[in-house]
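Here is how names work: the chains are called A, B, and so on, in the same order as the sequence lines, proteins then strands, and each is numbered from 1.
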Amino acid sequence: MEKFRKLISRAIPLPIENIDTDQIIPARFLKATNKQGFGENLFRDWRYSSDGSENADFVLNDSRFEGQILVAGNNFGCGSSREHAAWALADYGFKVVVSSYFADIFKGNALNNGLLPVQISEAFLNKLLQEIQKYPETTIEVNLEEQYIALEGTSYMEDFEIDPYKKMCMMNGYDDIDYLLTKKQAIEAFEMQRTF
Amino acid sequence: MKKTLFDKVWDAHVVESVENGPEILYIDKHLIHEVTSPQAFAELEQRNIPLFRKEQVVATADHNVPTQDQHLPIKDALSRKQVDMLTENCKKHGVTLYGLGHPYQGIVHVMAPELGITQPGMTMVCGDSHTSTHGAFGTIAFGIGTSQVAQVFASQCLLLSRPKTMRITVNGKLKEGVLPKDVILYIIAQLGTNSGTGYFVEYAGEVFENMSMEGRMTVCNMSIEMGARGGMIAPDETTFEYVKNREFAPKGEEFDKKVAYWKSLKTDEGATFDMEYSFNAECIAPMVTYGTNPGMGIRIHDSIPETDNPSFEKALAYMGFKKGEQLLGKTINYVFIGSCTNSRIEDFRVAAAYIIGKQKASNVNALIVPGSQQVAKQIVAEGLDKVFEEAGFEIRQSGCSACLGMNEDKIPAGEYCVSTSNRNFEGRQGPGSRTILASPLMAVATAVHGKIVDITKETELLKEAAPIM
Ligand code: SF4
């Protein structure tokens with residue numbers, strides 16, 4: 001996993017609530033047996049019409065917007081456990097997703113793939129969305145080390161929370177397998193002493 | 001200290017706590033399928049890590065398998081590759097596989113309980129969010145991502161922070177024609193799709209105590225649709241009776257010893273939950289969804305709410321419905337009875353009892369997809385296949401099918417499908433498809449009438465259709 005400390009980037013606004021993993025990556029694209037290439041079909045059915053042409057109304061096809069940060073409506077990533085959703089976002093080039101709420105499994109999947117979910121207040125989310133939509137050049141700073149997100153060039157900022165263990169993993173590029181493998185003895189001891 | 005059911009099972013599985021961080025939770029059973037496992041096996045191989053406890057892993061092929069001609073090679077090349085890869089990986093790593101053609105094959109959440117793999121007090125995971133189904137047995141069961149599948153392969157453990165607990169109590173008696181599916185759709189409609197995020201739910205009260213195991217599985221299955229990682233119901237005589245004598249269940253004295261332990265898995269009187277809700281069974285009616293998430297549901301006689309919100313309006317526009325209107329009387333051309341929510345034998349018994357002697361409406365395509373090979377066999381043994389066929393329903397072989405449309409079973413763009421599955425997301429059943437979630441009884445009634453009807457108005461017929469509980 002790549003290390004993550006801080007990111008300064010423009011952002012892409014997607015003010016839709018309850019974006020589920022079937023929208024992020026529809027089931028018919030889950031047939032690959034590796035992790036690469038899912039970015040092509042990210043938000044497939046919103047991005048392209050059924051004839052395969054680009055849907056001009058969709059924000060990823062709007063040349064005014066670009067960047068490695070996705071700013072999305074409340075309750076992002078609900079639905080299935082498919083990690084393909086996190087792979088698709090990362091493969092497309094996103095490093096951070098900002099929302100006022102994340103579904104549990106998505107959040108875990110994102111963190112396991114070096115994609116940082118940043119949960120902020122509804123008010124700050126609305127502010128961010130407004131600013132980006134009005135001024136697409138706006139840049140945002142996401143600072144994991146100090147746990148804040150800020151609208152560059154303004155005084156608007158907010159702190160965000162992250163599990164200290166997960167923060168350590170993201171900052172050092174470790175993952176859970178590395179950690180669990182160091183615990184083999186404790187796990188075997190646990191198996192031995194179980195009565196049920 | 002007084003403990004909840006969840007606390008008792010969780011605490012019995014904590015290997016160690018990381019300072020200032022998550023806990024190491026031991027996993028008893030790990031179910032895998034073709035879609036979310038290949039990258040996890042690849043991860044093991046890249047890092048040169050052996051599979052730690054292969055006897056605790058069970059595999060099946062369900063998500064993208066065809067439901068016709070399962071004895072022939074899969075036509076779709078990508079699906080075939082995924083299924084072949086599962087076979088190859090299982091062979092290489094010594095994992096038991098109930099693949100296509102095996103008498104135990106089926107949707108992972110249907111086949112594991114019916115084989116007795118799922119038992120009270122266990123921890124179970126699968127790379128699939130509806131793993132919550134197994135909570136019906138008083139099991140901590142939840143869906144995981146592929147990175148976590150690899151973690152369990154490597155260590156039989158996961159690093160998790162302890163979720164908060166919620167109890168949802170429903171007391172009273174359900175009205176005729178109201179099934180477990182309606183109960184859970186009602187709860188989700190009341191609480192919303194993210195009300196459960198961060199929580200593990202316990203369902204309690206008379207309604208669940210009186211429910212069959214099949215009904216409890218339907219309820220726990222949809223816990224994830226309110227954002228909860230899982231849902232569980234305290235094991236009782238109904239549970240023990242169901243588990244007893246199943247293929248992989250403990251037998252004889254071993255079984256009795258287990259039951260003695262399972263009986264202790266109840267929330268202690270006075271234990272506290274982080275959140276509590278309670279509902280009255282009499283308020284619940286047959287449910288239908290009108291929007292693009294499972295929380296957008298109404299009772300059959302209610303009207304679509306008049307909410308002003310862009311996401312709400314986007315959902316209605318997708319579905320082609322208007323604020324304030326009812327769904328009663330809407331013409332429907334597709335009906336799907338299947339998925340890990342409602343594809344167990346009881347579901348088909350209820351459906352068959354209703355349609356006996358009737359015909360499906362001519363405008364309707366009605367698909368019946370059993371959840372497992374064993375369910376399919378039972379359908380034939382009970383003669384239900386004749387009832388369905390005579391009424392014009394099409395019976396397929398087992399798999400996830402039109403629940404997610406990964407195989408050929410898709411609903412065409414723009415068409416409505418009354419479906420017994422669990423998700424009505426945009427395009428879930430095929431690009432442009434419009435899903436209306438409902439119980440198996442509402443689904444068959446729709447198929448017979450060619451439109452949405454109020455099943456409670458057909459009480460005479462209902463008497464014949466033995467209620468599911
Ligand atoms: S039936 Fe549907 S919800 Fe259930 S496991 Fe299969 S795809 Fe998932």
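Shown here is B:Glu55, whose CD atom has more than 12 heavy atoms of other residues, nucleotides or ligands within 6.0 Å. Summarising the local packing, NZ of B:Lys75 is surrounded by 12 or fewer heavy atoms from other residues, nucleotides or ligands at distances under 6.0 Å. By the neighbour-count criterion of 12 heavy atoms within 6.0 Å, atom CG of A:Asp51 is densely surrounded, having more than that number from other residues, nucleotides or ligands.
To the nearest 0.5 Å, the span separating CZ on A:Phe106 from OG1 on B:Thr197 amounts to 13.0 Å. Between the CE atom of B:Met85 and the OG1 atom of A:Thr33 there is a distance of 4.0 Å, given to the nearest 0.5 Å. Once rounded to the nearest 0.5 Å, the distance linking CZ of B:Phe425 with SG of A:Cys78 reads 5.0 Å. With values rounded to the nearest 0.5 angstrom, B:Thr193 atom OG1 is found 9.5 Å from A:Asp20 atom CG. Note that the CZ atom of A:Phe190 and the NE2 atom of B:His13 stand 6.0 Å from one another [nearest 0.5 Å]. The CG atom of A:Asn109 sits 6.5 Å away from the OG atom of B:Ser147 when rounded to the nearest 0.5 Å.
Contact annotation for B:Met406: both backbone and side-chain heavy atoms come within less than 4.5 Å of a heavy atom of chain A. Using a 4.5 Å cut-off between heavy atoms, A:Ser50 does not touch chain B at all. The part of B:Phe52 that comes within reach of chain A is its side chain, from C-beta onward, which places non-hydrogen atoms under 4.5 angstrom from that chain. With a 4.5 Å cut-off on non-hydrogen atoms, A:Asn112 touches chain B through its backbone and its side chain both. Interface residue A:Ile187: backbone and side-chain heavy atoms are both found under 4.5 Å from chain B. Heavy-atom distances place the side chain of A:Glu191, and not its backbone, under 4.5 Å from chain B. Contact of B:Ile49 with chain A is made through the side chain alone, with heavy-atom distances under 4.5 Å. In this structure, the portions of A:Lys35 lying under 4.5 Å from any heavy atom of chain B include both its backbone and its side chain. Neither the backbone nor the side chain of A:Lys166 has a heavy atom closer than 4.5 Å to any heavy atom of chain B. Interface remark: B:Asn293 contributes side-chain atoms only to the contact with chain A (heavy atom separation under 4.5 Å). Of the two parts of A:Asp176, the backbone and the side chain both hold a non-hydrogen atom closer than 4.5 Å to a non-hydrogen atom of chain B. When heavy atoms are compared at a cutoff of 4.5 Å, B:Asn422 does not approach chain A at all. For a residue to count as touching a neighbouring chain, one of its non-hydrogen atoms must lie under 4.5 Å from one of that chain's; by this rule B:Val14 touches chain A with the backbone only. The contact between B:Ala12 and chain A is made entirely by backbone atoms, counting heavy-atom distances below 4.5 Å. Contacts of B:Arg423 with chain A are made by side-chain atoms alone, with heavy-atom separations under 4.5 Å and no backbone atom involved.
Side-chain contact between B:Asn194 and A:Asn74: present, with at least one pair of heavy atoms (C-beta onward) separated by less than 4.5 Å. The shortest distance between side-chain heavy atoms of B:Pro431 and A:Arg28 falls below 4.5 Å. Between B:Asp128 and A:Ser80 the shortest side-chain heavy-atom distance does not fall below 4.5 Å.
Among all heavy-atom pairs drawn from A:Ala186 and B:Glu16, the shortest one is CB-OE2, 3.3 Å. Summarising the geometry of B:Leu158 relative to A:Leu180, their closest heavy-atom pair is CA-CD1, 4.4 Å, with the distance given to 0.1 Å.
One finds a salt bridge joining A:Asp175 and B:Arg47 here, because a Lys/Arg side-chain nitrogen approaches an Asp/Glu carboxylate oxygen to under 4.0 Å. Ion pairing of B:Arg229 with A:Asp104 is absent here, as no side-chain N (NZ or NE/NH1/NH2) approaches a carboxylate O to less than 4.0 Å. Salt-bridge formation is detected for the pair B:Asp76/A:Lys31: a Lys NZ or Arg NE/NH1/NH2 atom is positioned less than 4.0 Å from an Asp or Glu carboxylate oxygen.
The stretch residues 37-46 of chain B places B:Pro38, B:Gln39, B:Glu43 near chain A, each with some heavy atom under 4.5 Å from a heavy atom of that chain. Close approach to chain B, defined as a heavy atom under 4.5 Å from one of its heavy atoms, is seen in no residue of residues 122-133 of chain A. Within residues 18-27 of chain B, the residues approaching chain A closer than 4.5 Å by heavy atoms are, in numerical order, B:Val18, B:Asn20, B:Gly21, B:Pro22, B:Ile24, B:Tyr26. Within residues 149-157 of chain A, no residue approaches chain B closer than 4.5 Å by heavy atoms.
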task = Take B:Asn64 and A:Leu30, measure what side chain to side chain contact (heavy atoms under 4.5 Å, CB included) needs, and give me the verdict at the end.
result = CA-CA 9 Å; B:Asn64 74 30; A:Leu30 304 186; over 6 Å; no
**Message:** A:Ile177 vs B:Phe153, test: side chain to side chain contact (heavy atoms under 4.5 Å, CB included). Steps then yes/no.
**Reply:** CA-CA 10 Å; A:Ile177 293 191; B:Phe153 279 166; over 6 Å; no
Self-check item: B:Ile224 vs A:Ile105, side chain to side chain contact (heavy atoms under 4.5 Å, CB included): CA-CA, chis, key distance, verdict
Solution: CA-CA 10 Å; B:Ile224 183 76; A:Ile105 308 184; 4.0 Å; yes
Inset, instruction - Walk me through it: do A:Asp22 and B:Glu426 pass the test side chain to side chain contact (heavy atoms under 4.5 Å, CB included)? - result: CA-CA 8 Å; A:Asp22 277 77; B:Glu426 281 184 32; over 6 Å; no
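By number of non-hydrogen pairs under 4.5 angstrom with chain A, the leading residue of B:Gly405, B:Gly227, B:Ala315, B:Gly198 is B:Gly198.
B:Ser311 contributes a side-chain N or O that, together with a main-chain N or O of A:Glu17, makes up a donor-acceptor pair within less than 3.5 Å. The backbone N or O of B:Gly127 sits nowhere less than 3.5 Å from a side-chain atom of A:Glu83 that would complete a donor-acceptor pair.
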